[in-house]
Novice: 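Can you keep this structure in mind? I'll have questions shortly.
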Amino acid sequence: MKQERAARTRETLVRAAAEAFAQEGFVTASVASIAKRAGVSAGGLHFHFGSKPLLAEVVECRAAEAVRMITFGRLDRCAEALQLMVDSTHDLVALLAGDPVVRAGFGLCADTARVSVADPRKLWRLWTEEVFRLAEQERQLACGVSACAAAHAVVAATVGFEVLGAAEPEWVSREAVTTFWELLLPRFAAPEALGRLDAGGSQPVRRSGF
């Protein structure tokens with residue numbers, strides 16, 4: 001019972017810290033405010049995590065694991081590379097909209113006040129580059145479109161969704177991502193591949209990392 005209660009308390013602290021980091025930033029969010037959100041004492045927070053930086057590391061690592069699940073965890077599926085890219089983009093934006101841990105993790109990895117330990121943004125960039133390399137190998141890219149240029153465009157756009165969505169939720173909606181891919185797929189995809197692709201995603205989106 002004590003172990004279960006401790007596990008629940010740690011989970012509550014992680015989510016409370018994520019909400020505080022996402023709303024206030026790493027520097028501004030205090031141990032006292034995180035503890036208050038979680039309904040525990042500041043001493044209780046230190047007992048479970050030791051310090052605010054350690055708690056931030058846990059949040060960032062959780063976010064990175066959520067990104068890994070919707071990206072490299074898909075590689076054993078039989079979907080075409082470009083559809084994998086579309087589907088994982090929908091999943092990422094849904095996580096940014098609905099999961100405070102993922103949202104905070106992306107913000108933490110870009111915060112110059114601390115050293116990133118997991119960097120979910122980098123993981124997303126590596127995934128995007130890998131998928132467009134696969135699309136290039138499968139001859140799914142339109143003539144004149146390089147895997148590198150396509151990956152750079154998608155990474156820049158998704159970071160834009162993340163940053164703008166923090167204040168304006170419509171940027172992290174399924175409709176926004178669908179419109180984005182409706183505009184890009186005719187430019188990126190080879191004509192013979194385009195008709196097989198669904199800009200709205202081929203599967204239900206994930207709204208929680210775990």
Side-chain angles (χ1 to χ4, degrees), residues 1-74 88-128 155 158-169 171-174 177 204-210:
M1 287 293 292
K2 287 183 178 180
Q3 289 179 335
E4 290 178 4
R5 187 161 57 248
R8 287 196 300 270
T9 300
R10 285 194 295 271
E11 187 62 29
T12 300
L13 282 166
V14 168
R15 294 191 70 81
E19 291 170 358
F21 294 146
Q23 294 173 14
E24 305 171 34
F26 173 73
V27 173
T28 305
S30 66
V31 168
S33 70
I34 294 169
K36 184 177 180 180
R37 284 173 184 264
V40 302
S41 66
L45 185 153
H46 283 295
F47 173 78
H48 286 285
F49 288 102
S51 67
K52 184 175 76 169
L54 181 58
L55 193 48
E57 288 183 12
V58 173
V59 170
E60 189 182 17
C61 287
R62 289 276 193 94
E65 182 56 30
V67 172
R68 191 173 288 107
M69 289 172 65
I70 64 164
T71 55
F72 291 97
R74 294 178 180 268
S88 59
T89 306
H90 276 286
D91 276 349
L92 175 66
V93 171
L95 288 176
L96 290 168
D99 191 328
V101 173
V102 174
R103 189 163 57 249
F106 271 74
L108 286 167
C109 72
D111 195 322
T112 58
R114 57 180 296 277
V115 177
S116 176
V117 295
D119 202 341
R121 277 188 185 176
K122 181 178 180 181
L123 187 63
W124 173 254
R125 176 177 60 80
L126 293 173
W127 162 255
T128 303
V155 170
T158 47
V159 171
F161 287 139
E162 172 214 336
V163 174
L164 292 168
E168 301 174 66
W171 284 99
V172 282
S173 66
R174 190 180 186 101
V177 180
V205 298
R206 295 178 62 97
R207 298 190 179 276
S208 176
F210 299 93

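Basis for what follows: all heavy atoms, side chains included, without hydrogens, waters or symmetry-related copies.
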Novice: I need the minimum non-hydrogen distance between V172 and L96, along with the two atoms involved.
Specialist: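 Smallest interatomic distance, heavy atoms only, reads CG1-CB, 4.3 Å.
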Novice: Is any side-chain heavy atom of T9 closer than 4.5 Å to a side-chain heavy atom of F47?
Specialist: no
Novice: What are the two closest heavy atoms between V117 and C61, and how far apart are they?
Specialist: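 Taking every non-hydrogen atom into account, CG2-SG, 4.0 Å.
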Novice: Show your reasoning for whether side-chain contact (heavy atoms from CB on, under 4.5 Å) applies to V159 and W124.
Specialist: CA-CA 10 Å; V159 171; W124 173 254; 5.8 Å; no
Novice: Roughly how far apart are R10 CZ and F49 CZ, rounded to 0.5 Å?
Specialist: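 Atom-to-atom, R10:CZ and F49:CZ are 7.0 Å apart.
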Novice: Please determine which of K122, R121, E60, E57 meets the side chain to side chain donor-acceptor pair (under 3.5 Å) test together with S116.
Specialist: E60
Novice: Please determine whether a side-chain nitrogen of the Lys or Arg among R62 and E65 lies less than 4.0 Å from a carboxylate oxygen of the Asp or Glu.
Specialist: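 E65 and R62: not salt-bridged.
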Novice: Less than 4.5 Å apart, any side-chain heavy atom of L123 and any of F72?
Specialist: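 L123 reaches F72 side chain to side chain.
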Novice: Can you tell me how far apart CG (L92) and OG1 (T158) are? Round to the nearest 0.5 Å.
Specialist: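 OG1 of T158 is found 6.5 Å from CG of L92.
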Novice: Specify the closest pair of heavy atoms between V59 and A17, including all atoms of both residues, with the distance to one decimal.
Specialist: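 For V59 and A17, the tightest heavy-atom pair comes out as CG2-CB, 4.3 Å.
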Novice: Provide the closest heavy-atom pair for R114 versus A56 in the form atom of the first, atom of the second, distance.
Specialist: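 Taking R114 first and A56 second, the nearest heavy atoms are NE-CB, 3.9 Å.
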Novice: Look at the aromatic rings of F21 and F26 and report parallel, tilted or perpendicular, splitting at 30° and 60°.
Specialist: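 Geometry flag for F26 against F21: tilted rings.
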Novice: Check whether any side-chain heavy atom of V40 lies under 4.5 Å from a side-chain heavy atom of T12, and answer yes or no.
Specialist: no
Novice: Is any side-chain heavy atom of D99 closer than 4.5 Å to one of R15?
Specialist: yes
Novice: Hey, what do you get for CD1 (I70) to NE2 (H90), rounding to the nearest 0.5 Å?
Specialist: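 Between atom CD1 of I70 and atom NE2 of H90 there are 12.0 Å.
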Novice: Quick check for you: to the nearest 0.5 Å, what is the distance between K52 atom NZ and S33 atom OG?
Specialist: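 K52 NZ to S33 OG: 8.0 Å, rounded to 0.5 Å.
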Novice: How close do P120 and V67 get, counting heavy atoms only, and between which atoms?
Specialist: CB-CG2, 4.1 Å
Novice: Minimum heavy-atom separation for R103 to A22, with atom names?
Specialist: NE-CB, 4.3 Å
Novice: Atom CG in L45, atom CG in L54: separation rounded to 0.5 Å?
Specialist: 9.5 Å
Novice: Nearest 0.5 Å, what's the CD-CZ distance between Q23 and R37?
Specialist: 4.5 Å
Novice: Taking C-beta and beyond as the side chain, do W171 and V93 meet within less than 4.5 Å on heavy atoms?
Specialist: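 Heavy-atom side-chain distance check fails, nothing below 4.5 Å.
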